[in-house]
Student: 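I have a structure I would like to understand better, so I am pasting it below and will then ask my questions one at a time.
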Amino acid sequence: MPLVNGNILLSSIQEKRVLAGAFNTTNLETTISILDAIERSGLPNFIQIAPTNAKLSGYDYIYEIVRKRAATMDVPVSLHLDHGKELDDVKQAVRAGFTSVMIDGAELPFEENIAFTKAAVDFCKSFGVPVEAELGAILGKEDDHVSEADCKTDPKQVLRFVQETGCSMLAVSVGNVHGLEDIPRIDIPLLQEIASICPVPLVIHGGSGIDENIIRSFVKYNVVKVNIASDLRKAFITSVGKAWTENNNEANLARVMTSAKAAVEADVFSKIQMMNRAS
(Lines give C-alpha, C1' and ligand atoms only; values in the text may rest on other atoms or scores of the structure.)
Protein backbone atom coordinates (compact mmCIF):
# COMPACT_ATOMS: atom_id res chain seq x y z
CA MET A 1 0.00 0.00 0.00
CA PRO A 2 1.17 3.60 -0.40
CA LEU A 3 3.07 5.29 2.41
CA VAL A 4 0.50 6.11 5.11
CA ASN A 5 -0.13 9.49 6.72
CA GLY A 6 0.93 9.51 10.36
CA ASN A 7 -2.59 10.30 11.57
CA ILE A 8 -3.95 7.21 9.81
CA LEU A 9 -1.17 5.07 11.23
CA LEU A 10 -1.89 6.36 14.74
CA SER A 11 -5.55 5.45 14.35
CA SER A 12 -4.60 1.94 13.23
CA ILE A 13 -2.18 1.51 16.16
CA GLN A 14 -4.78 2.64 18.70
CA GLU A 15 -7.54 0.57 17.12
CA LYS A 16 -5.40 -2.58 17.30
CA ARG A 17 -4.09 -1.64 20.78
CA VAL A 18 -0.54 -2.42 19.74
CA LEU A 19 2.74 -0.72 20.46
CA ALA A 20 4.53 0.58 17.38
CA GLY A 21 8.25 0.80 16.99
CA ALA A 22 9.82 3.82 15.35
CA PHE A 23 12.96 2.36 13.83
CA ASN A 24 15.79 4.65 12.81
CA THR A 25 17.38 4.22 9.43
CA THR A 26 20.53 5.63 7.87
CA ASN A 27 21.06 4.16 4.42
CA LEU A 28 19.46 1.94 1.77
CA GLU A 29 20.33 -1.34 3.50
CA THR A 30 18.95 -0.40 6.91
CA THR A 31 15.86 1.12 5.29
CA ILE A 32 14.97 -2.03 3.36
CA SER A 33 15.79 -4.19 6.38
CA ILE A 34 13.39 -2.26 8.61
CA LEU A 35 10.60 -2.29 6.05
CA ASP A 36 11.01 -6.00 5.34
CA ALA A 37 10.74 -6.71 9.08
CA ILE A 38 7.63 -4.55 9.40
CA GLU A 39 6.01 -6.41 6.51
CA ARG A 40 6.83 -9.77 8.12
CA SER A 41 5.36 -8.64 11.43
CA GLY A 42 1.97 -7.73 9.99
CA LEU A 43 1.75 -4.75 12.39
CA PRO A 44 1.73 -0.98 11.69
CA ASN A 45 5.03 0.72 12.52
CA PHE A 46 7.08 3.83 11.85
CA ILE A 47 10.40 4.09 10.04
CA GLN A 48 12.28 7.27 10.83
CA ILE A 49 15.47 9.19 10.22
CA ALA A 50 17.11 12.02 12.12
CA PRO A 51 18.63 15.06 10.38
CA THR A 52 22.11 13.92 11.46
CA ASN A 53 21.67 10.72 9.44
CA ALA A 54 19.79 12.34 6.56
CA LYS A 55 23.01 14.21 5.77
CA LEU A 56 24.27 11.06 4.07
CA SER A 57 21.54 10.95 1.44
CA GLY A 58 19.18 13.87 1.85
CA TYR A 59 15.49 13.61 2.65
CA ASP A 60 14.43 13.04 -0.96
CA TYR A 61 16.40 9.83 -1.45
CA ILE A 62 15.26 8.25 1.83
CA TYR A 63 11.69 9.17 0.97
CA GLU A 64 11.95 7.53 -2.46
CA ILE A 65 13.39 4.31 -1.03
CA VAL A 66 10.64 4.09 1.59
CA ARG A 67 7.90 5.07 -0.87
CA LYS A 68 8.89 2.40 -3.39
CA ARG A 69 9.12 -0.40 -0.84
CA ALA A 70 5.92 0.67 0.95
CA ALA A 71 4.01 0.50 -2.34
CA THR A 72 4.67 -3.27 -2.42
CA MET A 73 3.70 -3.85 1.23
CA ASP A 74 0.41 -4.99 2.73
CA VAL A 75 1.25 -3.52 6.14
CA PRO A 76 0.87 0.24 6.78
CA VAL A 77 4.00 2.24 7.53
CA SER A 78 4.73 5.94 8.01
CA LEU A 79 7.96 7.80 7.34
CA HIS A 80 8.79 9.98 10.33
CA LEU A 81 11.36 12.71 10.93
CA ASP A 82 13.12 12.07 14.24
CA HIS A 83 14.50 14.94 16.33
CA GLY A 84 14.04 17.93 14.07
CA LYS A 85 16.10 20.48 15.97
CA GLU A 86 15.41 23.27 13.48
CA LEU A 87 12.19 24.30 11.79
CA ASP A 88 14.02 23.93 8.48
CA ASP A 89 14.48 20.20 9.21
CA VAL A 90 10.72 19.83 9.44
CA LYS A 91 10.11 21.85 6.28
CA GLN A 92 12.60 19.82 4.25
CA ALA A 93 11.17 16.51 5.43
CA VAL A 94 7.54 17.46 4.79
CA ARG A 95 8.32 18.89 1.36
CA ALA A 96 10.17 15.67 0.50
CA GLY A 97 7.05 13.65 1.33
CA PHE A 98 7.52 12.52 4.95
CA THR A 99 4.17 11.60 6.47
CA SER A 100 4.97 12.40 10.13
CA VAL A 101 7.53 14.64 11.86
CA MET A 102 9.01 15.48 15.23
CA ILE A 103 10.05 18.95 16.31
CA ASP A 104 12.42 18.85 19.27
CA GLY A 105 12.41 21.93 21.47
CA ALA A 106 12.85 19.99 24.71
CA GLU A 107 15.98 21.83 25.76
CA LEU A 108 14.33 25.24 25.32
CA PRO A 109 12.60 27.08 28.17
CA PHE A 110 8.93 26.08 28.43
CA GLU A 111 7.45 29.16 26.73
CA GLU A 112 10.01 29.01 23.92
CA ASN A 113 9.31 25.31 23.40
CA ILE A 114 5.61 26.10 23.02
CA ALA A 115 6.28 28.81 20.41
CA PHE A 116 8.83 26.69 18.54
CA THR A 117 6.56 23.65 18.45
CA LYS A 118 3.51 25.69 17.42
CA ALA A 119 5.43 27.11 14.47
CA ALA A 120 6.11 23.55 13.25
CA VAL A 121 2.48 22.52 13.76
CA ASP A 122 1.25 25.59 11.87
CA PHE A 123 3.54 24.80 8.94
CA CYS A 124 2.51 21.13 8.81
CA LYS A 125 -1.23 21.81 8.95
CA SER A 126 -1.54 22.60 5.26
CA PHE A 127 0.19 19.30 4.43
CA GLY A 128 -1.97 17.30 6.86
CA VAL A 129 1.17 15.98 8.58
CA PRO A 130 1.04 15.25 12.33
CA VAL A 131 3.72 16.67 14.61
CA GLU A 132 5.34 14.93 17.56
CA ALA A 133 6.73 17.29 20.19
CA GLU A 134 8.91 16.74 23.24
CA LEU A 135 8.44 18.05 26.76
CA GLY A 136 11.21 17.28 29.23
CA ALA A 137 14.84 16.79 28.26
CA ILE A 138 16.19 13.25 27.82
CA LEU A 139 19.68 12.35 29.00
CA GLY A 140 22.15 10.63 26.70
CA LYS A 141 23.57 10.60 23.19
CA GLU A 142 21.45 10.83 20.07
CA ASP A 143 23.79 10.45 17.08
CA ASP A 144 26.27 13.35 17.36
CA HIS A 145 24.12 15.29 19.81
CA VAL A 146 24.98 14.75 23.48
CA SER A 147 22.51 15.95 26.09
CA GLU A 148 23.54 16.26 29.71
CA ALA A 149 20.07 17.48 30.60
CA ASP A 150 17.97 15.08 32.61
CA CYS A 151 14.72 16.89 33.28
CA LYS A 152 11.66 14.71 33.66
CA THR A 153 8.41 15.90 32.12
CA ASP A 154 6.39 18.04 34.52
CA PRO A 155 2.77 16.79 34.53
CA LYS A 156 1.58 20.29 35.43
CA GLN A 157 2.84 21.57 32.07
CA VAL A 158 1.47 18.81 29.87
CA LEU A 159 -2.11 19.93 29.22
CA ARG A 160 -1.24 23.54 28.47
CA PHE A 161 1.66 22.49 26.23
CA VAL A 162 -0.48 20.16 24.12
CA GLN A 163 -3.42 22.56 23.90
CA GLU A 164 -1.32 25.58 22.90
CA THR A 165 0.95 23.78 20.42
CA GLY A 166 -1.64 21.51 18.79
CA CYS A 167 0.87 18.61 18.65
CA SER A 168 -0.45 15.14 17.76
CA MET A 169 1.98 13.09 19.88
CA LEU A 170 4.03 13.96 22.95
CA ALA A 171 7.47 12.49 23.68
CA VAL A 172 8.04 12.44 27.42
CA SER A 173 11.00 12.12 29.75
CA VAL A 174 10.25 9.58 32.48
CA GLY A 175 13.70 8.15 33.12
CA ASN A 176 14.31 6.99 29.55
CA VAL A 177 17.70 7.80 27.99
CA HIS A 178 19.16 8.01 24.51
CA GLY A 179 21.85 5.57 23.43
CA LEU A 180 23.39 2.61 25.25
CA GLU A 181 25.83 4.40 27.54
CA ASP A 182 23.35 5.30 30.30
CA ILE A 183 20.91 3.08 32.19
CA PRO A 184 17.19 3.90 31.86
CA ARG A 185 15.16 3.97 35.07
CA ILE A 186 11.54 4.28 34.00
CA ASP A 187 9.30 6.11 36.45
CA ILE A 188 6.03 4.25 35.87
CA PRO A 189 3.98 6.31 38.37
CA LEU A 190 5.04 9.49 36.53
CA LEU A 191 4.19 7.95 33.16
CA GLN A 192 0.79 6.90 34.51
CA GLU A 193 0.13 10.41 35.82
CA ILE A 194 1.06 12.00 32.49
CA ALA A 195 -1.12 9.53 30.60
CA SER A 196 -4.12 10.46 32.74
CA ILE A 197 -3.66 14.14 31.84
CA CYS A 198 -2.37 14.16 28.26
CA PRO A 199 -5.04 14.41 25.52
CA VAL A 200 -2.73 12.99 22.82
CA PRO A 201 -0.79 9.69 22.56
CA LEU A 202 2.62 9.43 24.21
CA VAL A 203 6.03 8.52 22.78
CA ILE A 204 9.02 7.00 24.56
CA HIS A 205 12.50 7.64 23.19
CA GLY A 206 15.51 5.49 23.97
CA GLY A 207 13.79 2.12 23.58
CA SER A 208 17.03 0.23 22.96
CA GLY A 209 17.98 0.04 26.63
CA ILE A 210 14.62 -0.46 28.34
CA ASP A 211 13.63 -3.75 30.02
CA GLU A 212 11.27 -5.79 27.84
CA ASN A 213 8.57 -6.17 30.50
CA ILE A 214 8.49 -2.43 31.04
CA ILE A 215 8.23 -1.79 27.30
CA ARG A 216 5.29 -4.17 27.03
CA SER A 217 3.52 -2.30 29.84
CA PHE A 218 3.66 1.01 27.95
CA VAL A 219 0.50 0.32 25.96
CA LYS A 220 -1.46 0.61 29.23
CA TYR A 221 -0.33 4.23 29.53
CA ASN A 222 -1.39 5.46 26.09
CA VAL A 223 2.11 5.05 24.63
CA VAL A 224 1.78 4.36 20.91
CA LYS A 225 5.38 4.68 19.72
CA VAL A 226 8.78 3.59 21.08
CA ASN A 227 11.90 4.85 19.32
CA ILE A 228 14.65 2.33 18.63
CA ALA A 229 17.94 3.31 17.00
CA SER A 230 21.13 2.27 18.81
CA ASP A 231 20.45 -1.48 18.81
CA LEU A 232 19.88 -1.48 15.05
CA ARG A 233 23.02 0.47 14.29
CA LYS A 234 24.99 -1.79 16.61
CA ALA A 235 23.65 -4.86 14.79
CA PHE A 236 24.65 -3.40 11.42
CA ILE A 237 28.13 -2.30 12.51
CA THR A 238 28.80 -5.53 14.38
CA SER A 239 27.95 -7.57 11.29
CA VAL A 240 30.26 -5.50 9.09
CA GLY A 241 33.00 -5.63 11.70
CA LYS A 242 32.70 -9.41 11.94
CA ALA A 243 33.14 -9.71 8.18
CA TRP A 244 36.35 -7.69 8.34
CA THR A 245 37.64 -9.62 11.36
CA GLU A 246 37.06 -12.93 9.63
CA ASN A 247 38.75 -11.72 6.45
CA ASN A 248 40.45 -8.33 6.39
CA ASN A 249 40.93 -8.74 2.64
CA GLU A 250 37.17 -9.06 2.10
CA ALA A 251 36.18 -7.16 -1.04
CA ASN A 252 32.70 -8.53 -1.72
CA LEU A 253 30.64 -5.57 -0.54
CA ALA A 254 27.34 -7.15 -1.59
CA ARG A 255 27.97 -10.15 0.64
CA VAL A 256 28.97 -7.96 3.59
CA MET A 257 25.94 -5.70 3.16
CA THR A 258 23.58 -8.67 2.74
CA SER A 259 24.71 -10.07 6.09
CA ALA A 260 24.40 -6.66 7.76
CA LYS A 261 20.94 -6.23 6.27
CA ALA A 262 19.85 -9.62 7.61
CA ALA A 263 21.13 -8.73 11.08
CA VAL A 264 19.11 -5.52 11.19
CA GLU A 265 15.96 -7.19 9.83
CA ALA A 266 16.18 -9.92 12.46
CA ASP A 267 16.60 -7.36 15.23
CA VAL A 268 13.66 -5.21 14.08
CA PHE A 269 11.37 -8.22 13.67
CA SER A 270 12.35 -9.52 17.10
CA LYS A 271 11.64 -6.16 18.72
CA ILE A 272 8.21 -5.82 17.11
CA GLN A 273 7.33 -9.30 18.35
CA MET A 274 8.70 -8.54 21.82
CA MET A 275 6.80 -5.25 22.19
CA ASN A 276 3.49 -6.90 21.41
CA ARG A 277 3.88 -10.19 23.25
CA ALA A 278 1.79 -10.64 26.38
CA SER A 279 3.89 -10.28 29.53
Student: Taking atom NZ of Lys261 as the centre, report whether more than 12 heavy atoms of other residues, nucleotides or ligands fall under 6.0 Å from it.
Tutor: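 Correct, the count exceeds 12.
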Student: Does the separation of the ring centres of Phe98 and Tyr59 fall below 6.0 angstrom?
Tutor: yes
Student: Which pair of heavy atoms, one from Gly97 and one from Tyr63, lies closest together, and at what distance?
Tutor: O-CE1, 3.3 Å
Student: Do His83 and Glu132 have side-chain atoms, one donor and one acceptor, less than 3.5 Å apart?
Tutor: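 Judged by distance alone, the side chains do not pair up.
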Student: I'd like to know if the side chain of Asn53 pairs up with that of Lys55 as donor and acceptor (distance under 3.5 Å, no hydrogens or angles considered).
Tutor: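 Distance-only check fails for Asn53 and Lys55.
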Student: Quick one, Gln14 and Val224 - any side-chain contact, counting heavy atoms below 4.5 Å?
Tutor: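 Side chain of Gln14 against side chain of Val224, heavy atoms only: contact under 4.5 Å found.
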Student: Can Arg160 and Glu111 be said to form a salt bridge (charged side-chain N to carboxylate O under 4.0 Å, His left out), step by step?
Tutor: CA-CA 10 Å; Arg160 182 185 163 208; Glu111 299 293 342; 2.9 Å; yes
Student: Is Asp36 salt-bridged to Arg40, going by a charged N under 4.0 Å from an acidic O?
Tutor: no
Student: Is it true that Lys85 and Asp89 make a salt bridge, defined as a side-chain N closer than 4.0 Å to a carboxylate O?
Tutor: no
Student: Could Arg69 and Glu64 be called an ion pair, given the rule that one side-chain N must be under 4.0 Å from one carboxylate O?
Tutor: no
Student: My understanding is that only one of Leu81, Val131, Val101 makes a side-chain contact (heavy atoms from CB on, under 4.5 Å) with Val94; could you say which?
Tutor: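 Exactly one pass, corresponding to Val101.
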Student: Phe123 ring centre to Lys91 NZ or CZ under 6.0 Å, with the angle to the axis within 45°?
Tutor: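 Judged by the rule (NZ or CZ under 6.0 Å from the ring centre, within 45° of its axis), Lys91 counts as positioned above Phe123.
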Student: More than 12 heavy atoms of other residues, nucleotides or ligands under 6.0 Å from CD of Glu86: is that the case?
Tutor: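 At most 12 heavy atoms, drawn from other residues, nucleotides or ligands, come within 6.0 Å of this atom.
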